[in-house]
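Atoms within a ligand are numbered from 1 in the order they appear, just like the ligands themselves.
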Amino acid sequence: MELQLALDLVDIPEALKLVKEVEEHIDVVEIGTPVVINEGLRAVKEMKEAFPGLKVLADLKIMDAAGYEVMKASEAGADIITILGTAEDMSIKGAVEEAQKQGKKILVDMIAVKDIKARAKELDELGVDYICVHTGYDLQAVGQNSFEDLMTIKRVVKNAKTAVAGGIKLDTLPEVIKAQPDLVIVGGGITGQDDKKATAAEMQRLIKQG
Ligand SMILES: O=C(CO)[C@H](O)[C@H](O)COP(=O)(O)O
């Protein structure tokens with residue numbers, strides 16, 4: 001099980017400073033969608049150059065022109081690139097094909113997928129690397145989380161790794177760990193804390209002990 005730090009509400013200097021603080025306690029650093037919108041793929045490039053030992057995920061949430069966008073994110077240094085589970089199968093195939101060519105991984109974000117079980121099975125067969133259940137900010141605001149969806153994909157996914165994101169905090173992490181996802185994605189649960197390093201360290205400890 002690995003820990004991914006999601007950076008959403010920062011600029012490049014803030015992102016680099018944050019990662020410096022928690023670097024030894026995380027496995028993957030996510031350049032969040034808002035950061036890519038504000039700063040472009042330069043944010044991915046600068047993060048990878050500053051922290052070559054960390055995997056960098058570009059949260060592009062691709063919906064179309066997948067091969068091209070995966071290629072551009074790969075060129076910027078991303079190790080993992082995200083596409084939406086609601087995208088067409090042709091787009092998913094294009095993303096997987098380009099990622100394989102570039103030696104990169106594809107993570108499918110299941111945000112807004114209505115039939116999680118059926119779509120997870122299809123995506124697994126399309127050869128994606130990760131399937132991630134995700135409660136976005138707009139549904140977190142009305143009290144939702146992804147724990148049940150995580151159990152659902154754990155039951156049906158045979159090849160891909162599983163991941164979970166959306167509002168995970170130190171006090172809810174043990175419940176997530178019980179479901180044994182391969183990747184736990186935490187944004188505000190670390191970046192919103194006064195002592196980010198201590199929080200990341202404790203999350204890492206819980207994750208390593210499984
Ligand atoms: O992709 C995202 C929002 O679309 C976030 O990166 C993801 O939800 C993790 O952040 P948080 O733990 O703060 O919810």
> Atoms of ligand 1 less than 4.0 Å from Ala6 heavy atoms?
Replying inline: 6 (O), 9 (C)
> Counting only N and O atoms by type, is there a donor-acceptor contact under 3.5 Å from the side chain of Lys196 to the main-chain atoms of Gln193?
Replying inline: yes
>> Taking Ala120's backbone N and O only, do any of them form a donor-acceptor pair with Asp124's side chain (distance below 3.5 Å, no angle check)?
In response: no
>> With heavy-atom distances below 4.0 Å as the criterion, list the atoms of ligand 1 near Asp59.
In response: 1 (O)
> Which atoms of ligand 1 sit under 4.0 Å from any heavy atom of Gly188?
Replying inline: 11 (P), 12 (O), 13 (O)
> For ligand 1, which atoms have a heavy atom of Glu30 less than 4.0 angstrom away?
Replying inline: 1 (O), 6 (O)
> So does Arg119 pair up with Glu122, basic N to acidic O under 4.0 Å?
Replying inline: yes
> What atoms in ligand 1 come closer than 4.0 Å to a heavy atom of Gly166?
Replying inline: 8 (O), 14 (O)
> Can you find a non-hydrogen atom of Gly189 under 4.0 Å from ligand 1?
Replying inline: no
> Are Glu49 and Lys45 close enough for a salt bridge, meaning some N to O gap below 4.0 Å?
Replying inline: yes
> Between Lys93 and Glu88, is there a side-chain N and carboxylate O pair less than 4.0 Å apart?
Replying inline: no
>> Using a 4.0 Å cutoff against the non-hydrogen atoms of Gly167, which atoms of ligand 1 qualify?
In response: 11 (P), 12 (O), 14 (O)
> Leu107 and Asp129: side chain to side chain contact (heavy atoms under 4.5 Å, CB included), yes or no, with the steps?
Replying inline: CA-CA 6 Å; Leu107 180 145; Asp129 300 287; over 6 Å; no
>> Looking only at protein heavy atoms, which one is nearest to atom 6 (O) of ligand 1, and what is the separation?
In response: Asp8 OD2, 2.7 Å
> What is the nearest protein non-hydrogen atom to atom 12 (O) of ligand 1, stated with its residue, atom name and distance?
Replying inline: Gly187 N, 2.8 Å
> What is the nearest protein non-hydrogen atom to atom 8 (O) of ligand 1, stated with its residue, atom name and distance?
Replying inline: His134 NE2, 2.8 Å
> Looking only at non-hydrogen atoms, which of Gln140, Lys169, Lys61 approaches atom 1 (O) of ligand 1 most closely?
Replying inline: Lys61
>> If hydrophobic clusters are built from ILVMFWY residues whose side chains come within less than 4.5 Å, do Ile111 and Val164 share one?
In response: no
>> Checking contacts here: is it the side chain or the backbone of Thr33 that comes within 4.0 Å of ligand 1, counting heavy atoms only? Could be both or neither.
In response: neither
> So if you build clusters from Ile, Leu, Val, Met, Phe, Trp, Tyr with side-chain heavy-atom gaps below 4.5 Å, do Tyr130 and Leu123 land together?
Replying inline: no
> Between Asp79 and Lys48, is the closest basic N to carboxylate O distance under 4.0 Å?
Replying inline: yes
> Under 3.5 Å, N or O to N or O, is Val186 touching ligand 1 that way?
Replying inline: no
